[in-house]
Amino acid sequence: MNAAALRRILAQPGQALVALAVALFLAAFLIIPVITVMIAAFQPKGGSGFTLVNFADFFATDLFRRSFFNSLYVSAMSVAVATVLALPLAYFTTRFDFRGAVIVQTLGVIPLIMPPFAGAVAMQLLFGRNGTVNLLLDEAFGFKIGFMEGLNGVIFVEALHYFPLILINLSTALRNIDRAMEEAAQNLGCSGFRLFRRIVFPLAMPGYVAGASLVFIKVFDDLATPLLLNVKDLLAPQAYLRITSVGLADPMGYVISVVLIVASLIAMYLSLLALRGKDYATVQRGGGGLAKRPLGRGDAILAYGTILIVLVLTLAPHLGLLLLSFATIWSFSPLPDGFTLAHYVQVFSDSGQYIVNTVLYAGLAALIDVVVGTAIAYLVLRVGVPGAKWLDYAATAALAVPGVVLGIGYLRTYFGVTLPSGQSLAAFWGMIVLALAIRRLPLALRACTAALQQVAASLEEAAENLGATKARTVRRIVLPLMTGGLAAGFVTSFATAAVELSATMMLVQSSADAPLAYGLYVFMQSPAGRGAGAALGVIAVLIVGVCTYISNRIVDGDMAAKAGAH
Amino acid sequence: MDRTAAFQPVDITIENVDLSFGATHVLKDVNLDIQAGEFFAFLGPSGCGKTTLLRLIAGFNTAQRGRVLLGGEDVTHLPAWKRDVGMVFQSYALWPHMSVAQNVAFGLEERRLPRDVIAARVDEALDIVNLKHLKDRKPSQLSGGQQQRVALARTIAVRPKVLLLDEPLSNLDAKMRVQVRRELRELQQALKLTTIFVTHDQEEANTVCDRIAVMNDGVVQQVGGPMALYDAPANLFVANFLGTANIVAPVREEGGRAVLPGGVAVEVPRGGARLVFRPQNARLTQPGDALSTGRLRLPGEVVHREFLGATIRYGVKVDEAECLVDVPHLGGEAGFAIGAKASVDIDRARVLWLAA
């Protein structure tokens with residue numbers, strides 16, 4: 001650091017302190033735990049030094065090798081099935097005069113508000129071997145379909161949950177293709193499938209690949225869904241099982257963590273590569289927004305038919321969960337035997353702590369996210385403290401860290417640290433809050449950065465010109481103008497933190513400390529508890545749904561206010 | 001080689017076409033006859049329907065009523081990819097994932113021509129537009145003018161019956177526009193292709209085209225050569241759109257005569273018409289000067305004056321109307337000051353009466 005930079009820092013000690021605090025926060029709760037995990041993978045069991053023997057053991061063991069390939073298989077298939085569901089919808093909404101477009105957009109939101117593990121059990125009841133659909137199929141036609149057998153179940157649930165992301169991704173990629181590109185090809189004699197293959201597909205690919213690789217990684221890292229479906233031969237569940245059953249000294253948990261991180265990084269890199277140098281988005285000129293092709297009768301039947309099927313599939317888990325939450329007994333029959341409110345009563349009275357904990361944890365985590373996110377955004381965009389960019393990179397790096405790995409990292413790093421109460425730091429519920437905060441930080445950071453970018457620097461300069469200090473300017477000018485974006489960021493962080501389960505599973509020590517996602521998992525372990533679990537699931541969906549709605553309203557209101565102000 | 005041998009240009013007929021997008025009636029009873037080998041322009045303001053008409057010929061729009069004929073063949077219900085009309089899009093629409101050569105080869109590949117023929121035709125087309133040396137570049141590596149020439153080459157390569165150009169000059173800077181429009185004219189003359197050129201710029205249409213269809217609000221106002229349209233506009237819109245026109249409404253009509261501002265009474269060919277004349281067909285005289293035969297006088301006052309180099313443009317207030325008079329600036333003349341009383345002295349032979 002040269003003298004000028006040093007002087008700049010000392011001139012604004014407050015900012016330097018903030019930067020330091022953020023750096024320490026990230027170091028303590030992201031960087032060090034992850035590095036600890038990675039180091040542990042290369043250390044021989046119980047000792048120190050560098051060795052590759054753990055990795056050798058990993059690939060030599062049949063179970064782990066199988067888990068590795070299963071994880072790859074499940075992730076790839078989930079993306080594939082999600083694409084199959086999304087492609088016709090994306091195609092119809094972007095290429096045709098399609099009144100069903102609004103339905104499709106709504107369809108897109110429904111799966112996202114239900115965490116995959118919540119729907120998993122409901123899907124089991126509806127599509128499992130003895131579930132509603134198969135019982136009816138057996139009765140009518142005498143055969144069953146293994147929708148939910150083993151890995152298929154995971155693929156089915158994940159594909160249904162993530163297809164909206166692929167849908168948005170594909171729609172954007174298709175929409176970004178200037179109509180003139182297609183028309184030029186038609187003008188030269190090309191049409192139908194050839195047109196798709198030569199022009200539309202290559203132009204849509206980069207955008208699609210970028211999004212698909214991110215979905216791949218989310219499925220690859222998912223811990224809760226396989227556990228709930230009792231599928232154990234996948235990487236994330238294996239890591240969980242090794243650490244919880246064999247213990248923190250077991251190297252396999254760390255090896256798997258390294259594999260998960262490396263896979264994340266590769267997927268993110270691929271995503272970046274796909275988009276680099278291929279900015280195929282072309283801007284439509286004035287006449288570009290011309291009428292889309294009108295929908296022919298045959299096409300219309302196909303379109304609405306597809307929507308119907310997808311609608312049924314996306315609503316299935318919600319419906320199943322709802323039914324289960326009100327059901328007395330439901331097994332080996334297409335529908336529940338009877339209905340009751342007892343589960344909800346139980347959830348609110350006996351097990352009220354789940355909901356309280358969730359609101360507490362998610363609220364604190366979202367608060368941390370917004371504060372840290374704003375601090376980093378301000379340091380990067382306005383102050384330019386040397387190294388501010390690195391804070392941004394570090395915070396964003398959390399995207400590459402799966403929840404299970406973060407949980408393991410905290411356990412390993414902080415297990416030995418004891419609090420005044422005698423409890424290990426790793427067992428303290430605050431760690432869950434921190435894990436949630438760190439995991440949601442990248443998204444919150446983007447929201448805060450965007451909110452700050454909307455506030456022109458000249459507005460702050462005008463305040464300083466009139467005598468306000470930096471701190472007062474931030475308080476009186478910047479923060480009020482950012483509120484909309486920050487509120488939306490808070491709500492989104494809250495919603496996703498409320499249903500996070502991967503890191504939570506690793507860190508939760510007792511029911512008293514558990515949020516509702518964990519409560520759901522515990523309840524679902526026994527047939528008697530499934531009703532209460534479902535009730536918790538419904539509450540989870542409601543929380544996320546309401547938060548999504550509020551967030552959208554805030555953003556819309558914010559944009560309208562800004563537009564009206566001009 | 002004889003480039004014209006392979007091009008078989010056709011005439012185009014638009015018959016009774018009515019086209020609406022939902023509730024918006026965009027083309028209203030359009031009838032046009034375009035000769036084979038003609039360089040024809042659709043000229044008009046934004047929203048007049050000229051691009052819609054062009055796209056109708058290409059097959060990207062369907063009309064609710066009417067027919068489109070290419071070379072006498074009814075193509076109204078033929079899809080775009082079977083029409084064999086070459087279109088150059090306003091945005092050029094070059095495919096970014098293909099090189100220049102691949103872009104140009106596309107149409108030939110769709111026609112399933114042999115590989116060596118394709119290669120030869122690609123070279124030939126790129127040669128015509130002088131871009132052979134850039135054939136392996138990607139479109140993103142080319143300038144705007146070069147991209148347009150690739151788009152042109154891509155269309156010429158398939159030797160279409162008709163060439164459709166959608167505002168080809170609008171993305172180019174002023175200097176390029178003059179150069180490119182000359183090149184387009186030369187190319188069209190060499191290939192003898194029936195060409196339709198859509199533009200809102202009258203100078204482009206005037207300098208390059210054989211005939212122009214002036215359109216407004218979905219209706220073809222007038223069809224004719226540039227000079228014919230300028231000298232004998234059929235209505236006020238055409239008079240105003242092409243060049244500058246002074247439009248003077250009579251104060252009142254008595255019998256078959258109209259009383260103009262200033263008191264002069266003249267015969268009118270029909271009732272309700274307005275007096276129209278061009279600024280260069282009038283001069284400014286002192287109020288007291290003698291009135292020559294064959295000329296018309298409108299007394300008024302100079303309210304503004306612009307020095308335009310070769311001309312001085314005066315704005316003269318005649319009663320409520322304001323007339324523009326262009327006086328050639330040869331140097332040394334005193335001219336009229338603002339506020340001076342002056343009379344607009346018009347050549348009767350150059351005056352038009354157009355319905356309002």
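Below, each value reflects all heavy atoms present in this structure, side chains not excepted, and no hydrogens, waters or symmetry copies. Residue numbers start from 1 in every chain, and the chains themselves are labelled A, B, ... in the order their sequence lines are given, proteins ahead of strands. Note that the structure is predicted; figures quoted are calculated from it, not measured.
- Annotation for A/Lys218: atom NZ does not count as buried by contact number, only 12 or fewer foreign heavy atoms lying within 6.0 Å.
- By the side chain to side chain contact (heavy atoms under 4.5 Å, CB included) test, B/Asp217 is found to be paired with B/Lys28, residues two or more places apart in sequence or in another chain being considered.
- Heavy-atom neighbours of chain A within the stretch residues 111-120 of chain B, taken at a separation under 4.5 angstrom, comprise B/Arg111, B/Arg112.
- Using a 4.5 Å cut-off between heavy atoms, B/Val158 contacts chain A through its side chain alone, with no backbone atom that close.
- Counting heavy atoms from C-beta on, the side chains of B/Trp95 and A/Arg198 never come closer than 4.5 Å.
- Using a distance-only test at 3.5 Å, with no hydrogens or angles considered, no donor-acceptor pair links the side chain of A/Asn187 to the main chain of B/Ala58.
- The closest side-chain heavy-atom distance from A/Gln186 to B/Phe60 is below 4.5 Å.
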Show, in sequence, the C-alpha distance, side-chain angles and deciding distance for A/Ile199 and B/Met98, and conclude whether the side-chain contact (heavy atoms from CB on, under 4.5 Å) test is met. CA-CA 10 Å; A/Ile199 304 294; B/Met98 297 187 192; 3.9 Å; yes

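- Only the side chain of A/Arg194 comes within contact range of chain B, judged by heavy atoms closer than 4.5 Å.
- With rounding to the nearest 0.5 angstrom, the CE atom of A/Met181 is 6.0 Å from the OG atom of B/Ser91.
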Passes side-chain contact (heavy atoms from CB on, under 4.5 Å), B/Met87 versus A/Glu183? Steps please. CA-CA 9 Å; B/Met87 180 151 164; A/Glu183 288 176 350; 5.7 Å; no

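- Side-chain atoms of B/Trp81 do not come within 3.5 Å of backbone N or O of A/Leu188 as any donor-acceptor pair.
- The structure places OG of A/Ser191 at 8.0 Å from CD of B/Glu110, a figure rounded to the nearest 0.5 Å.
- Crowding of B/Arg65 atom CZ: a count of heavy atoms from other residues, nucleotides or ligands under 6.0 Å exceeding 12.
- Rounded to the nearest 0.5 Å, atoms CG (A/Asp178) and CG (B/Leu94) are 11.0 Å apart.
- Here the shortest heavy-atom pairing between B/His97 and A/Pro202 reads CD2-CB, 3.4 Å.
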